[in-house]
Amino acid sequence: MAFGTRRSADLASARRHGPGGRPARPIGRGSRARGAGLAILLAVASACGGGGGDDASPLLAGFSAIPPRPDPALQIATLELAVAHSTAALIQLEIPWATLLAGTSPEDEVRQERLPLVDYYRDRGLPIVVALDVTDGLDRTAEAPALVDAGRSITEPEIQDLYRAYVEAVARLLRPAYLSLAAETNLIRFAADPDVYAAVVAMTNAAAADLHAARSRARRMISVQVETAWGLLQGTGVYVGVAQDRADFPFIEVLALSSYPFVGGVGTPAALPDDYYARIVEPPSLPTLVLEGGWPSADVGPIASSPTLQADYVRRQAELLERAAGIGVFQITFTDLDLGVFPPALGPFAHLGLVDVDLRPKPALEAWDAAYLP
């Protein structure tokens with residue numbers, strides 16, 4: 001998912017969806033190939049002082065503070081309300097390819113566009129989790145739109161080097177406790193060109209080696225798409241697991257999960273098997289956390305839902321996470337999204353918020369607090 005804020009560096013993907021923009025690309029390989037992940041970019045227009053460290057929390061739980069509409073006042077209100085229901089903070093970033101290709105250094109981009117929000121979170125004692133997305137978060141068959149528009153590709157060594165420099169700047173300046181180097185790698189492998197997947201493998205492994213050499217304290221991750229691991233997005237329903245991802249990304253210290261069961265055709269939270277997460281984290285076990293996901297509070301296509309079912313999902317997800325010995329859970333959206341402003345393509349993800357577009361709580365918020373807050 002992409003949306004615009006007043007930060008020009010974050011508009012690259014929003015332009016293709018916003019009012020008057022060109023239509024989104026065809027998904028290809030049918031609707032199951034749609035990227036389940038939401039590649040959301042956020043830079044809040046406030047410069048807050050830095051301070052506290054990344055104190056550990058027994059359970060990491062939080063959101064990326066996307067407002068229901070790109071309104072500066074709502075951005076701040078959403079941020080403050082989300083923090084009140086969090087023990088950690090998620091920074092979800094598409095690589096700012098257009099800005100970097102235009103000549104802005106990775107250090108300048110991170111310092112100017114990302115650091116103020118991280119300082120805000122750190123000043124409130126929240127551990128920082130940064131999740132980078134290197135392809136198109138709404139269409140895993142495709143590369144990032146800014147690269148496509150520029151006629152470039154992550155298969156190019158120069159672009160891979162630019163990614164590595166950006167990862168280095170993020171790790172050094174933002175000092176996240178956890179850093180995910182790519183999103184939904186198993187879905188990319190299934191949906192995208194093999195050369196694109198090979199590039200993701202090469203560039204993330206190289207970046208991980210850079211971080212190791214620099215003695216970065218960020219725990220390295222990639223995310224895998226749970227419904228793909230269970231064969232749901234492929235339409236087979238045959239469990240395939242993530243052994244290939246574990247082999248291709250041996251640097252990972254934490255396995256991150258992306259899970260939107262309704263996208264895979266799961267009708268109710270109760271239908272999820274008890275080992276829905278635990279089976280993916282098979283021996284040799286790794287710490288795991290849910291990096292993105294959710295369940296809608298309204299109908300989505302053939303999936304009938306309600307605020308009550310959404311609250312049921314929050315409780316069910318907490319059970320699944322406990323069975324997998326998970327260390328954290330995140331949602332990208334804390335609020336619903338106003339589809340009068342956001343593009344219709346985001347419709348399946350418009351009602352994942354624990355509060356509505358007017359920041360009024362849903363039953364799922366109480367369930368979240370009971371499950372995850374101290």
Distance-only, no hydrogens or angles: does the [X] side chain make a donor-acceptor pair with backbone N or O of [Y] under 3.5 Å?
X: E143; Y: I154; result: yes
X: Q310; Y: W295; result: yes
X: Q225; Y: S258; result: yes
X: T333; Y: D336; result: no
X: S105; Y: D108; result: yes

Under 4.0 Å between a side-chain nitrogen and a carboxylate oxygen: does that hold for E107 and R172?
yes
Check for me, please, whether [X] and [Y] land in the same ILVMFWY cluster - side-chain distances under 4.5 Å, paths through other members count.
X: V201; Y: L286; value: yes
X: V357; Y: V355; value: no
X: L173; Y: V118; value: yes

Side-chain donor-acceptor pairs of residues 237-250 under 3.5 Å, sequence neighbours excluded:
| from | atom 1 | to | atom 2 | distance (Å) |
| --- | --- | --- | --- | --- |
| Y239 | OH | R279 | O | 3.2 |
| Q244 | NE2 | D248 | OD1 | 2.9 |
| Q244 | NE2 | D248 | OD2 | 3.1 |
| D245 | OD1 | R189 | NH1 | 3.4 |
| D245 | OD1 | R189 | NH2 | 2.9 |
| D245 | OD2 | T185 | OG1 | 2.6 |
| D245 | OD2 | N186 | N | 3.2 |
| D245 | OD2 | R189 | NH1 | 3.0 |
| R246 | NH1 | P284 | O | 3.3 |
| R246 | NH2 | P284 | O | 2.3 |
| D248 | OD2 | Y197 | OH | 2.6 |

More than 12 non-hydrogen atoms from neighbouring residues, nucleotides or ligands closer than 6.0 Å to CD on E322, yes or no?
no
Just wondering, more than 12 heavy atoms not from E156 lying within 6.0 Å of its CD?
yes
Identify the two heavy atoms, one from [X] and one from [Y], that lie closest to each other, and give their separation to 0.1 Å.
X: A207; Y: V167; result: CB-CG1, 4.1 Å
X: A364; Y: V314; result: CB-CG2, 4.0 Å
X: P361; Y: L365; result: CB-CD2, 3.6 Å
X: A229; Y: I280; result: CB-CD1, 4.0 Å
X: L373; Y: A84; result: CD1-O, 4.1 Å
X: L59; Y: G328; result: CD1-N, 3.6 Å

Check ring-ring contact (aromatic ring centres under 6.0 Å, His included) between [X] and all other residues, then give those that pass, not counting sequence neighbours.
X: Y372; result: W368
X: F330; result: none
X: Y276; result: W230

Please determine whether side-chain contact (heavy atoms from CB on, under 4.5 Å) holds for the pair L359 and F334, giving the CA-CA distance in whole Å, both sets of side-chain angles, and the decisive distance to 0.1 Å.
CA-CA 9 Å; L359 306 187; F334 176 68; 5.7 Å; no
Is there a side-chain contact between [X] and [Y] (heavy atoms, below 4.5 Å)?
X: T228; Y: E184; result: no
X: S305; Y: F262; result: no
X: I128; Y: R175; result: no
X: E158; Y: L162; result: no
X: Q112; Y: T104; result: no
X: P261; Y: E227; result: yes
X: Y121; Y: L79; result: yes
X: I66; Y: T335; result: no

For [X], give me all partners under side chain to side chain contact (heavy atoms under 4.5 Å, CB included), at least two apart in sequence or on another chain.
X: A208; answer: L181, F251
X: A324; answer: Y277, A278, T288
X: A131; answer: L90, Q92, S180, L291
X: R315; answer: A311, D312, A367

Measure the [atom1]-[atom2] distance between [X] and [Y] for me, rounded to the nearest 0.5 Å.
X: R124; Y: D119; atom1: CZ; atom2: CG; value: 10.5 Å
X: L187; Y: S223; atom1: CG; atom2: OG; value: 9.5 Å
X: M203; Y: Y166; atom1: CE; atom2: OH; value: 12.5 Å
X: L126; Y: T87; atom1: CG; atom2: OG1; value: 7.5 Å
X: R164; Y: Q160; atom1: CZ; atom2: CD; value: 8.5 Å
X: E80; Y: T78; atom1: CD; atom2: OG1; value: 9.5 Å

Could you check L93, V130, V170 and say which one makes a side chain to side chain contact (heavy atoms under 4.5 Å, CB included) with R114?
L93
Can you tell me which residue pairs pass the salt bridge (charged side-chain N to carboxylate O under 4.0 Å, His left out) test with a partner in [range], sequence neighbours excluded?
range: residues 216-225; result: R220-E253
range: residues 97-106; result: none
range: residues 342-359; result: D356-R360, D358-R360

Can you check side-chain contact (heavy atoms from CB on, under 4.5 Å) on E113 and T99, steps first, answer last?
CA-CA 11 Å; E113 306 296 335; T99 300; over 6 Å; no
For Y260 and E292, which I'm curious about, is there any donor-acceptor pair between the side chains at under 3.5 Å?
yes
Could you walk me through whether L115 and L174 pass the side-chain contact (heavy atoms from CB on, under 4.5 Å) test, one step at a time?
CA-CA 6 Å; L115 188 56; L174 303 187; 3.8 Å; yes
Give the intermediate values and the outcome of side-chain contact (heavy atoms from CB on, under 4.5 Å) for residues V266 and L232.
CA-CA 9 Å; V266 178; L232 299 178; 4.0 Å; yes
Donor-acceptor contacts, no H, no angles, side chain residues 338-354, under 3.5 Å, sequence neighbours left out:
| from | atom 1 | to | atom 2 | distance (Å) |
| --- | --- | --- | --- | --- |
| D338 | OD1 | G340 | N | 2.8 |
| D338 | OD2 | R69 | NH1 | 3.4 |

